[in-house]
Amino acid sequence: MARLELASGDGLLRLYCSPRLKDSVKAVPGALFDRTADCWTLPLTWGSCVGLRSEFGDDLELSEAVIGWATLEKEMLFDLPHAKTQAWD
């Protein structure tokens with residue numbers, strides 16, 4: 001099991017998981033281990049989330065803050081452009 005949280009104010013995701021999962025985490029571009037915080041950090045991007053979900057599947061637990069961010073990001077990336085093109089039809 002891995003838990004993904006939103007880091008406060010620094011534009012990063014924090015991933016907390018067992019050290020046994022390090023190879024899976026390292027497969028996601030941008031993943032770095034933060035020894036001070038004892039967790040992995042990743043850029044706060046849609047690609048990071050997709051990469052983590054690809055590696056961990058249902059074993060990736062998302063915090064409420066990550067779910068909220070991802071919902072808004074999805075709307076901006078996918079729903080809003082679609083809505084704009086539909087308005088012209």
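Bear in mind that the values here come from a model prediction, so they are computed numbers and not experimental data.
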Chemist: Can you tell me how far the OG atom of S63 sits from the OH atom of Y16, to the nearest 0.5 Å?
Modeler: 10.0 Å
Chemist: Let me confirm one number: the CG-OG distance from L60 to S24, rounded to the nearest 0.5 Å.
Modeler: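 Reported value, rounded in 0.5 Å steps: 11.5 Å.
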Chemist: Give, for atom CG of L44 and atom CD of E73, the distance between the pair rounded to the nearest 0.5 Å.
Modeler: 7.5 Å
Chemist: Using a 4.5 Å cut-off on heavy atoms from C-beta on, say whether the side chain of L52 contacts that of L4.
Modeler: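 Yes. Closest side-chain heavy atoms under 4.5 Å.
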Chemist: Starting from V28, can I reach L12 by hopping between I/L/V/M/F/W/Y residues whose side chains sit under 4.5 Å apart?
Modeler: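 No, L12 does not connect to V28 through the hydrophobic network.
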Chemist: If a pair satisfies salt bridge (charged side-chain N to carboxylate O under 4.0 Å, His left out) and one of its residues is in residues 28-39, list it, with sequence neighbours excluded.
Modeler: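 Applying salt bridge (charged side-chain N to carboxylate O under 4.0 Å, His left out) to every pair that reaches into residues 28-39, excluding sequence neighbours, yields R14-D34.
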Chemist: Please list all pairs passing the salt bridge (charged side-chain N to carboxylate O under 4.0 Å, His left out) test where one or both residues lie in residues 17-29, with sequence neighbours left out.
Modeler: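 Of all non-adjacent pairs touching residues 17-29, none passes salt bridge (charged side-chain N to carboxylate O under 4.0 Å, His left out).
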Chemist: Taking atom CD1 of I67 and atom CG of L72, what is their separation to the nearest 0.5 Å?
Modeler: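 Spacing of CD1 (I67) from CG (L72) equals 12.5 Å.
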Chemist: Are any non-hydrogen side-chain atoms of F56 and L15 less than 4.5 angstrom apart?
Modeler: yes
Chemist: Measuring from atom CH2 of W69 to atom CG of L13, what distance do you get when rounded to the nearest 0.5 angstrom?
Modeler: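 Here the rounded value is 6.5 Å.
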Chemist: Is L42 reachable from L32 through a run of I, L, V, M, F, W or Y residues, each pair having side-chain heavy atoms under 4.5 Å apart?
Modeler: no
Chemist: Among residues two or more places apart or on two chains, list those pairs meeting salt bridge (charged side-chain N to carboxylate O under 4.0 Å, His left out) that have a residue in residues 46-66.
Modeler: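 Passing the test, one end in residues 46-66: R3-E61.
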Chemist: Of the non-hydrogen atoms in P43 and P29, which two are nearest, and what is the gap between them?
Modeler: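 It is CD-O, 4.5 Å.
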Chemist: Considering all heavy atoms of both residues, which atom of A70 and which atom of W46 are nearest to each other, and what is their separation?
Modeler: O-CZ3, 3.6 Å
Chemist: Find out if a path of hydrophobic residues (ILVMFWY) with successive side-chain heavy-atom gaps under 4.5 Å connects L6 to L62.
Modeler: yes
Chemist: What is the distance from atom SG of C39 to atom CD of E5, rounded to the nearest 0.5 Å?
Modeler: 8.5 Å
